[in-house]
Amino acid sequence: MDIFPKSLSPRGSANAVRKSLFYGKRSAEADINSSPIQAFKKSRDCSETGNKALPISLKNLLNHIEHAIETFELDDKVADGSRDYALPTIPGHHRDLRSISPEVMADVVNGRYTHVFSDVTIVDCRYPFEGGHIKGAVNLFTKDDVNALLDKPLNGDKRHVLIFHCEFSSERGPKMYRFLRSQDRELNKNQYPALLFPEVYLLHGGYKAFFNKFKV
């Protein structure tokens with residue numbers, strides 16, 4: 001199958017604790033060896049120390065968040081805890097993001113996971129140019145473009161997967177991945193941990209690594 005078509009059709013406040021746990025890069029002061037659940041407990045303990053009369057409703061919310069984080073860590077669930085990740089992942093350069101290999105991407109393009117999920121959007125975050133693209137990808141290179149994904153009507157019964165990448169998946173791809181997740185969290189903050197796109201991946205090594213392995 002030709003996975004490198006010549007052209008690509010373009011398509012058009014959470015608090016600090018939640019932000020540090022669920023999306024974005026950790027602060028410089030964070031212990032890189034500590035797990036999200038340890039960071040959360042430390043933040044919760046500091047809050048309770050500073051306010052002995054913490055409202056019961058807030059305590060319940062904090063306990064719910066703690067349980068959710070533990071579930072995601074131990075069971076390798078997608079970001080809303082509803083199911084396991086469909087694609088095999090690998091350790092990437094961005095510890096807070098789920099990465100897939102170029103080989104897995106090729107399997108996705110060739111339809112080998114259609115029995116697992118019903119829809120996939122490959123998001124190419126590079127600036128538009130005349131060059132190669134992964135077959136079926138859409139070119140979304142601005143925050144407005146990526147944000148528009150959240151306005152797209154989704155079938156609640158369908159499993160829709162997103163895969164982000166840029167040239168090397170070192171800057172724009174990860175940045176847009178995190179932006180979408182933060183916007184999704186904000187949009188669904190009253191239904192936590194619900195998300196429109198709980199299953200999102202980053203192509204490890206970006207288009208460059210994919211092309212080097214599967215160029216035609």
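Numbers here are sequence positions counted from 1.
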Hey, does Lys77 have a side-chain heavy atom less than 4.5 Å from the side chain of Arg83?
no
Tell me, please, which residues at least two apart from Phe117 pass ring-ring contact (aromatic ring centres under 6.0 Å, His included).
none
If you take all heavy atoms of Ala86 and Val116, which pair is closest and at what distance?
CB-CG1, 3.3 Å
Could you state whether Leu149 and Leu97 fall into the same hydrophobic cluster, counting links through intermediate Ile, Leu, Val, Met, Phe, Trp or Tyr residues with side-chain heavy atoms under 4.5 angstrom apart?
yes
Determine the minimum heavy-atom distance between Ile163 and Leu87, stating which atoms define it.
CD1-CD1, 4.3 Å
Kindly write out the residues that satisfy side-chain contact (heavy atoms from CB on, under 4.5 Å) with Leu150, not counting sequence neighbours, or none if the list is empty.
Asn147, Leu180, Gln183, Asp184, Leu187, Leu196, Phe197
Show your working on side-chain hydrogen bond (donor to acceptor under 3.5 Å, both in side chains) between Asp144 and Thr142 and close with a plain yes or no.
CA-CA 5 Å; Asp144 285 343; Thr142 70; 5.3 Å; no
Does NZ or CZ of Arg185 lie under 6.0 Å from the centre of the six-membered ring of Tyr192, at an angle within 45° of the ring axis?
no
Below 4.5 Å, heavy atoms only, C-beta onward: do Asp145 and Val138 meet side chain to side chain?
no
Partner residues of Asp107 under the salt bridge (charged side-chain N to carboxylate O under 4.0 Å, His left out) criterion, sequence neighbours left out
Arg112
Can you check whether Asp119 reaches Arg159 side chain to side chain, under 4.5 Å on heavy atoms?
no
Nearest 0.5 Å please: distance from the SG atom of Cys125 over to the NZ atom of Lys175.
10.5 Å
Separation between CZ of Phe210 and CD1 of Ile134, rounded to the nearest 0.5 Å
4.5 Å
Test of understanding: with ring-ring contact (aromatic ring centres under 6.0 Å, His included), list the residues that count as partners of Phe168, not counting sequence neighbours.
none
Would you call Thr121 and Val161 a side-chain contact if the rule is heavy atoms closer than 4.5 Å?
no
According to side-chain hydrogen bond (donor to acceptor under 3.5 Å, both in side chains), who are the partners of Ser170, at least two apart in sequence or on a separate chain?
none
What is the minimum heavy-atom distance between Glu171 and Cys166, and which atoms define it?
N-SG, 4.1 Å
In Å, rounded to the nearest 0.5 Å, how long is the span from NE2 of His204 to CD1 of Ile90?
4.5 Å
Which residues end up grouped with Tyr127 if you chain together Ile, Leu, Val, Met, Phe, Trp and Tyr wherever their side-chain heavy atoms are less than 4.5 Å apart?
Phe141
Contacts of Pro88 meeting side-chain contact (heavy atoms from CB on, under 4.5 Å) (sequence neighbours excluded), chain-then-number -> Val104, Tyr113
Tyr177: partners by side-chain hydrogen bond (donor to acceptor under 3.5 Å, both in side chains), with sequence neighbours left out
none
Just do the side-chain hydrogen bond (donor to acceptor under 3.5 Å, both in side chains) check on His165 and Arg126 with the steps written out, would you?
CA-CA 8 Å; His165 79 86; Arg126 298 175 296 171; 4.8 Å; no
Say you draw a straight line from OG of Ser169 to NE2 of His94; how long is it, rounded to the nearest 0.5 Å?
7.0 Å
With rounding to the nearest 0.5 angstrom, report the CZ to CZ distance, Arg178 to Phe164.
11.5 Å
For the atom pair CG (Leu203) and CD1 (Ile100), what is the distance rounded to the nearest 0.5 Å?
6.0 Å
Non-hydrogen atoms of Val78 and Pro198 that approach each other most closely:
CB-O, 3.6 Å
For the pair Tyr201 and Leu162, evaluate side chain to side chain contact (heavy atoms under 4.5 Å, CB included) and give the outcome as yes or no after the intermediate values.
CA-CA 6 Å; Tyr201 301 91; Leu162 301 180; over 6 Å; no
Trace of the salt bridge (charged side-chain N to carboxylate O under 4.0 Å, His left out) decision for Asp76 with Arg98:
CA-CA 11 Å; Asp76 199 31; Arg98 294 281 174 168; 2.6 Å; yes
Taking all non-hydrogen atoms of both residues, which atom of Ser99 and which atom of Gly92 are closest, and how far apart?
OG-CA, 3.9 Å
What closest approach, in Å, do Val200 and Tyr85 show between heavy atoms, and which atom pair accounts for it?
O-CE2, 4.3 Å
My understanding is that only residues two or more places apart in sequence, or in another chain, count here; which of them pass salt bridge (charged side-chain N to carboxylate O under 4.0 Å, His left out) with Arg172?
none
side-chain hydrogen bond (donor to acceptor under 3.5 Å, both in side chains) filter on Ser101, not counting sequence neighbours, yields Glu103
Residues at least two apart in sequence or cross-chain that pass side-chain contact (heavy atoms from CB on, under 4.5 Å) with Ala194, listed by chain then number, are Gln191
Would you indicate whether the side-chain heavy atoms of Phe214 and Met105 approach each other to under 4.5 Å?
no
